[in-house]
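Each chain gets a letter, A, B and so on, in the order its sequence line appears, and its residues count up from 1.
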Amino acid sequence: MIPASFEYRRAGSVEEALGWLSEDPDSTKLLAGGHSLLPLMKLRLATPGVLVDVGRVPGLSYVRDAGDHVAIGALTRHRDLEISEVARASVPLLAHVAGQVGDPQVRHRGTIGGSLAHGDPASDLPAAVLALDATLVADGPRGRREIAADDFFRGFLETALEPDEMLTEIRVRKAPSGWAFQKFNRRAQDWAIVGVAAVLDGDPRVALVNMGSTTLRARGTEEALAAGADPTDAAARAADGLEPSSDLHASAEYRRHLATVLVRRALVEAAATRG
Amino acid sequence: MSATVLEGHGTAGVVGTRMLRREDPALLSGEARFVHDLVVPGALHMAVVRSPYAHARITSVDVSVALGMPGVVAALTGADLAGEWASPMPCAWPVTADMQSPEHLPVALREACYVGDAVAVVLAGSQAEAQDAAAAVAVDYEELPAAVDLEDAARDGVLAHLDAPSNRAYTWELIPDPEAVRRAFDDAAVTVKERYVQQRLIPAAMEPRGVCVVPQPFGGEYVVYSSTQIPHILRTMLGMTAGVPEERIRVIAPSVGGGFGSKLDVYAEELLCLALARRLRRPVRWSEERSEAAQATIHGRGQVQDIELAADADGRVKAVRVHLLADMGAYLQLVTPGVPILGAFLYHGTYDVPAYSFTCTGVFTNKTPTDAYRGAGRPEATYAIERAMDALARKLGMDPAELRRRNFIGADKFPYSSVAGLVFDSGDYEAALDKALGLVGYEALRQEQAQRRSDGATKLLGVGLSSYVEMCGLAPSRVLASLHYVAGGWETATVRMLPTGKVQVVTGATPHGQGHVTSWSMIVADKLGVPPDDVEVLHSDTGLSPLGLDTYGSRSLSVGGTAIALAADRLVDKARLLAAYRLEAAPEDLELSDGQFAVRGTPSTGIGIGTLAFEAFTAHDLPEGMEPNLEASATYDPTNFTFPFGTHVAVVEVDTETGRVDLVRYVGVDDCGNQINPLIVDGQVHGGIAQGVAQALYEEASYDERGNLLTTTLADYLVPAASDLPSFTLGRTVTPSPSNPLGVKGVGEAGTIASTPAVVNAVVDALSHLGVEDLEMPVTPERVWRSIGAAAPVPGGAR
Ligand SMILES: Cc1cc2nc3c(=O)[nH]c(=O)nc-3n(C[C@H](O)[C@H](O)[C@H](O)COP(=O)(O)OP(=O)(O)OC[C@H]3O[C@@H](n4cnc5c(N)ncnc54)[C@H](O)[C@@H]3O)c2cc1C
């Protein structure tokens, strides 16, 4: 429970953080809310030599109406997203999901940027962002680039971010209705055994939590919906082609079953919010 | 619900009121100090190198790299330390004369017998340095086959200890009349035969363990700070095991953040800190990490229970036959073998059963040792009988409440001599059942359940009952002797008034979350007629309370509280003599009211007990032969156990599509005799229910087939939080115990004992029409989902 020793630096700006990061990208880690990184360090599963604390970098915590989309600063904490008026009005899915993460302590420390950059398939916000067809903005030594959510989640704890890049903004399309989130867990504070984020406005998008090595879409369901299937039939294909893991809390078989039930419930609920 | 107010000398007594806990401001503000908070200059930090194998021969331990690391002062192997021990680690409960107990040293010498068994220690200037160096100790292991599964281990498939003749620790029997049991089963109209598995549980106290031993500069004394429930027992055992004269050891338990039995033990780390402080003449401390606690602090439960009931056609139970396999783990800790025996007498539960057979075999496995965990033996017993009663009800097609009613020991039968040889002090089991059924609205729930079933709802309703009786107030010393326990069961107390009229209570009971300070000050306040805030309670320090037997087994109030009440009575007797002398009256004419002694009928000319305390202190003018000071002591050895009881009802909703179980309502009606502080009783019951629900639905110490513990973090070991539980509806009946002058019974374990079977019965009840008869604990959503898939629906959908 005591991490290996490391050097701690507190960045005052994105530029400063990027500068330090570029000195030795492979053994330097950004520290945002610390609620994914520090547990790994305490178990000595991560042993970065340098921690660059971006937690106090000004200007990166916001939820803004940007006309055709909503822009969210990477350092926005889950709790701030949960109670944001802009999010509640324009992307209620995101506000709702932020309120389902962990417990109050976690929600007051963890950031959306950290949650996405961590790349954990069991996390909730990545699925919401994927369902919302988001664009992720990263800054780095080679400048700024925009990454589609579809290209962002690559594998277990693996994203499209380069080690010397920092995620700075998340842009999501507005989806005031036609959404739903289903989270199935053992305890209220737990990670999802399986979760589902569904957005039905526009092309229906259904993203899954913990149904594989990364956050992914229920392509089978989406295809069925596009072909006009009803929720039950579309949901029956939720786990098509997916290989979730087996662990202490659930077998792969059970996860596949849960996905079909939860996707059906999400589709029915999302349709209901559309009125 | 009204508590009988205890007989006191004050007019407006506080006993029976919901006084807020005096402990809480310090705990809630962070002012309370736990072992880890103690600032001890110059202390060395100990880290323990632990076996990563369930069973292995230790072929070599190389500490040379560790010794060269920053801050390291010493790195020692089992062999280096072997000379420190006067005897192996203690087990105080040899339940049979032929019990096997493998040698258990604080640091293993040749063989590591569970994941977490200590193989070396490192001492360094900081905890981080010690841990870094511990990781650098190179141990060569030769992995050996491990005895992991309890039933396999019982067949000696793999031996848990290389040199042991078998894995059997002992077999213990209680079969008063074998012939009667045989006859009852031969003649039975209905029998049930059930097998239940009590999974292992990790106690997971909020504060893990911690030890700090400070050698005193002169006189060769050691102050041992430990997060323990048993400073007194610990002092004696440390002295015996480490070869330190007992009077040289002072054990202090500062604030202790929970124990649930897991700190009712003598641990390797306590012995190591003492021996290393002796060896290096420096303070040595150790704070347990959460993952370490999962492996190195005892586990609870771990039994396979076979239970059979024989009943007549009306459902009257004529015999209970039980056989247990009890998982001892790798070694016998302080009371490991006795835990199943604490339940052995209670497998007939609240029912009037004429024939009884109980056998238990204790078995070694290559897993963390088990020992007492909240309820210790009694939750297991209650689980088995209450699950089996529901199985019998299903077989008879009878309502489970009705079956219980038919079998209860009648209120007119107390004191009741049980078939297992106990005398149940007092009880009215049907009253508690009726109250619980009324509070939960039983009939309406049954109707709703039927309605949902016929509607084909995917959210089914289940109602589960559990009527329990437990034996508390450990324990009459003579009874302990008959069970081969090596200590007594008394408790001792001193009550003294200081010159300013303030009061000190010294007790041998050792609180670790129970609110003793509040309860003891309430008892004494009423006895002496002083405000409770004027009563200071000194505890948990063998320097202040040299004698005592500490806190476990819901004993503190019925044994320790009684000693305090008796001491207070003695103090009042002395004060009365002094008052009589001052008032020139006969002692028997004096009345103590609101802290004033006065001749009955003339209250205006009295004398205050505080004034008397001052006069007893100055001793300027005392009656001939009276010793100075107002102080009295008492030691109380109970004549019998106490037998709290009650009925709990759990209401669950089961989602048949996902297998999810939601505990939607919970009613607990408990009878713990008289209540000193009903608020504290509520708190004890709340925590107890949460812990029992945890066993039913959430918690399990899971091992893989090689004996690796898989649940070493609180992300994997699912301790439920308040957000996972409904608001509990509590009710109470009050049947005072005749076994002690306070009429109290104890309530620390009741909630845990009652709730586990209530919840599992409720889930099975929800699914019984589908043919589900049993669910393994913890009842996870996946298990429920699989059981629904596997079960064959009951024709006609019978309950
Ligand atoms: C008890 C507990 C329960 C939890 N339960 C849940 C849950 O139910 N659902 C859920 O989704 N999550 C849960 N979490 C995780 C929580 O949401 C984390 O806060 C979040 O996953 C990570 O955000 P953070 O700001 O804390 O990131 P950090 O821990 O600071 O960082 C995580 C990783 O992202 C990197 N990083 C951080 N910010 C950036 C950035 N701007 N650009 C590039 N890289 C960056 C870091 O270098 C690190 O590798 C839980 C955590 C805990 C401790």
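Residues B/E776 and B/Q199 bring no donor and acceptor atom of their side chains to less than 3.5 Å of each other.
Both the backbone and the side chain of B/Q127 come within less than 4.5 Å of a heavy atom in chain A. Of the atoms belonging to B/A135, not a single heavy atom falls under 4.5 Å from chain A. Of the two parts of B/D655, only the side chain, counted from C-beta on, holds a non-hydrogen atom closer than 4.5 Å to a non-hydrogen atom of chain A. Contact of A/R255 with chain B is not made at all, since no heavy-atom distance falls under 4.5 Å. There is no contact between A/S5 and chain B, counting heavy-atom distances below 4.5 Å. Contact annotation for B/S723: both backbone and side-chain heavy atoms come within less than 4.5 Å of a heavy atom of chain A. Contacts between B/L714 and chain A at a heavy-atom distance below 4.5 Å involve the backbone alone (N, CA, C, O).
Taking the ring centre of B/Y698 as origin, the terminal cationic atom of A/R187 falls outside the region bounded by 6.0 Å and 45° from the ring axis.
Applying side chain to side chain contact (heavy atoms under 4.5 Å, CB included) to A/R107 and the options A/R77, A/H78, A/H35 leaves one that passes, A/H78.
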- Query: Step by step, would you call B/R50 with B/E269 a salt bridge (charged side-chain N to carboxylate O under 4.0 Å, His left out)?
  - Reply: CA-CA 12 Å; B/R50 300 186 182 280; B/E269 295 82 3; 2.8 Å; yes
- Message: Using side chain to side chain contact (heavy atoms under 4.5 Å, CB included), reason through A/R186 and A/I193 one step at a time and then give a plain yes or no.
- Response: CA-CA 8 Å; A/R186 298 265 310 270; A/I193 290 175; 3.7 Å; yes
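Between B/H299 and B/Y703, the angle of the ring planes lies from 30° to 60°, which puts this pair in the tilted group.
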